[in-house]
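Below, all heavy atoms of this structure are taken into account, side chains as well, without hydrogens, waters or symmetry copies. Counting starts at 1 for both ligands and their atoms, in listed order.
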Amino acid sequence: MEEHSKKRHKKHGKKEGGFSGQIGFVMAAAGSAVGVGNLWRFPYLAAQDGGGLFILIYLILALTFGFTLLTSDIAVGRRTGKNSINAYAEMSPKWKFLGIVTFLVPVLIMTYYAVIGGWIGRYIVVYLAGQGSDASIDTFFNSFITNPVQSSMFAVIFMFITAWVVFNGVEKGIEKYSRILMPVLLLMIVAIAVFSLTLKFTDPSGVTRTGLQGLYVYLAPDFEGITIARLMQILLDAMSQIFFSLSVSMGIMITYGSYIKKDVDINSSVHQIEFFDSGVALLAGMMIIPSIFVFEGIEGMGAGPSLMFVSLPKVFHSMGFIGNIVGLLFFLMAGFAALTSCVSVLETIVANCMEIFHTRRKKTTLVLTVVYTIASVIIALGYSSFYVEIPLPNGSIAQILDLMDYISNSFMMPFISLLSSILIGWVIGPDWIVEEVEYGGKKFGLKKLYAVMIRYIVPVMMFVLFLQSAGILGWFGL
Ligand code: PHE
């Protein structure tokens, strides 16, 4: 205990400063959380999983699971002042392996995130050039990603922009850019969402659909054909979306937590980050579902990346001239969202490496930039020169990018949360986290809920999620 309280009073541990205060931290953490997951994954899941029913389940889970996992990561980061590998080692030396597994998640994600960023970059360029009608052609996306030179080039450019932000450090890089980009992103998404509610279109068969009807499709809970198995599936979809969306269980929030000062209120920061993240997800749905509904009917909703890169460009095209502007705004906003997320992934790797190898930020960033530029090109070529088809346990066929995504998000993250909740809930005890949140007399209103969640509910749910992503639940028809 003595030992602990000494450590708790040392400064926030970092050699080279951290966030300037709570706002800077919340913007950077929200920057990490708000990403392509909010823009394409959330709306698509909502459309597929019963509209308002999914939204309701998602919000309840965000306030319970999301809150628990986010609080844990941030408090672990601030209390230890370290990055995942050493933070876990400090919590309990025997559990260092879990810190290493956690570190591997960003290591994997970084191989492909810049590739997705590059896709967005390509669309920004298309709309800047006023060529929205090209982008609306069905084959546009495919011919771009299967073009080895173009797809690698855009990935590399995105990689360099990310590296530039990280190179400049926590306060002068990450915080500075997040403080500008996040409020702009919010304004843009509100504007497009409101605009999409005003849409109206009569299709060739004479049916007129409006944005407000689309809003109804999005928000009204759909209980048709709901069975226990189906409800379970929706619950698991919402659960895995929360992980991905809040950037938890991958060491990112531990690293960002290690950069905050002792006077920052962790509890209110968690609420603000969640509010931002869920708010953007809800707005993304409000923008995408009504506009697709108006122009294409609800059958027009593509799954996964095709929603953003194939369905939406068609919608922008149907809007006529203004579609070029809305398309540009949309992809710029998506670019900001992806950039601040990608920055958080690279930062986490850089910070862990600096700690392990005792190297300086600039040099570490440069070396990792070289490594990940090569990795990004390999992944980008996974749709052309290195094309493969790998069957996944969930029944889909993966290219290299999907495989990396599956291993890191569907497989490793529930596993890490399962073991972390056992470590915190049962080995070191929830009080270790509660003390950190309450440090300096701060309030932690939901600490009872936190303790119950981390000890009982999180481990059970994570176990189920893990079984599902390993394909084991499929054996029982779930
Ligand atoms: N949270 C981001 C999103 O919602 C995704 C992400 C995952 C960001 C991993 C960083 C790291 O899109």
Side-chain angles (χ1 to χ4, degrees), residues 26-46 58 61-62 65-66 69-70 73-74 83-84 102-117 119-120 158-159 162 165-166 174 177-178 181-182 185-186 189 237-257 270 273-285 288 304-305 307-308 333-352 372 376 401-402 404-414 416-417:
V26 168
M27 286 299 145
S32 172
V34 173
V36 284
N38 302 56
L39 300 180
W40 97 45
R41 209 159 172 259
F42 181 89
Y44 141 70
L45 286 176
Y58 181 89
L61 291 180
F65 278 86
L69 296 172
L70 194 55
D73 273 6
I74 295 173
N83 294 291
S84 61
T102 305
F103 170 63
L104 290 178
V105 177
V107 165
L108 282 178
I109 293 182
M110 194 59 219
T111 60
Y112 68 81
Y113 214 90
V115 178
I116 301 180
W119 296 350
I120 298 173
F158 195 87
M159 180 68 223
T162 305
V165 178
V166 172
I174 302 170
Y177 288 95
S178 307
L181 295 181
M182 294 315 287
L185 182 151
L186 198 61
I189 197 165
D237 280 350
M239 203 59 242
S240 58
Q241 172 64 8
I242 281 170
F243 266 124
F244 184 73
S245 193
L246 286 175
S247 308
V248 288
S249 298
M250 44 181 118
I252 292 177
M253 293 298 176
I254 297 183
T255 293
Y256 278 14
V270 165
I273 297 165
E274 281 205 305
F275 187 75
F276 211 118
D277 188 59
S278 307
V280 172
L282 283 171
L283 283 165
I288 289 175
L307 170 65
M308 187 153 148
M333 177 196 72
F336 294 164
L339 178 64
T340 46
S341 293
C342 198
V343 161
S344 72
V345 183
L346 183 62
E347 171 63 23
T348 303
I349 308 172
V350 166
N352 269 286
Y372 277 110
S376 304
L401 189 151
D402 311 301
M404 293 295 180
D405 180 58
Y406 191 80
I407 300 174
S408 52
N409 291 314
S410 301
F411 207 68
M412 291 172 75
M413 284 161 65
I416 293 165
S417 300

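Side-chain contact check for T340 and S178: no donor-acceptor pair (N or O, by modelled atom type) lies under 3.5 Å.
S240 places a side-chain N or O within 3.5 Å of a backbone atom of D237 that can act as its donor or acceptor partner. With S417 contributing its side chain and P414 its backbone, the two residues share no donor-acceptor pair below 3.5 Å.
In terms of N/O distances under 3.5 Å, ligand 1 is approached by V36. On a distance-only criterion, G37 and ligand 1 share at least one N/O pair closer than 3.5 Å. Considering backbone and side-chain atoms together, F244 places an N or O closer than 3.5 Å to an N or O of ligand 1. Residue contacts with ligand 1: S245 is placed with a nitrogen or oxygen under 3.5 Å of a nitrogen or oxygen of the ligand (distance criterion only). For a threshold of 3.5 Å applied to N or O pairs, the pair formed by S341 and ligand 1 contains no separation below that value.
The shortest side-chain heavy-atom distance between I242 and L69 does not fall under the 4.5 Å cut-off. At least one side-chain heavy atom of I349 sits under 4.5 Å from a side-chain heavy atom of M110. Contact check for W119 versus M308: no side-chain heavy atoms found under the 4.5 Å cut-off.
Heavy atoms of N38 found under 4.0 angstrom from ligand 1 belong to the backbone as well as the side chain. Contacts between D277 and ligand 1, counted as non-hydrogen atom pairs separated by less than 4.0 Å, are absent for every part of the residue. At a 4.0 Å heavy-atom cut-off, ligand 1 does not touch L39 at all. At a heavy-atom cutoff of 4.0 Å, ligand 1 is contacted by the side chain of Y113 but not by its backbone. With a 4.0 Å cut-off on non-hydrogen atoms, R41 does not touch ligand 1 at all.
Distance check: I109 CD1 to M412 CE gives 9.0 Å after rounding to the nearest 0.5 Å.
Atom 2 (C) of ligand 1 has as its closest protein heavy atom A33 O, 3.4 Å. Of all protein heavy atoms, the one lying nearest to atom 10 (C) of ligand 1 is V345 CG2, 3.5 Å.
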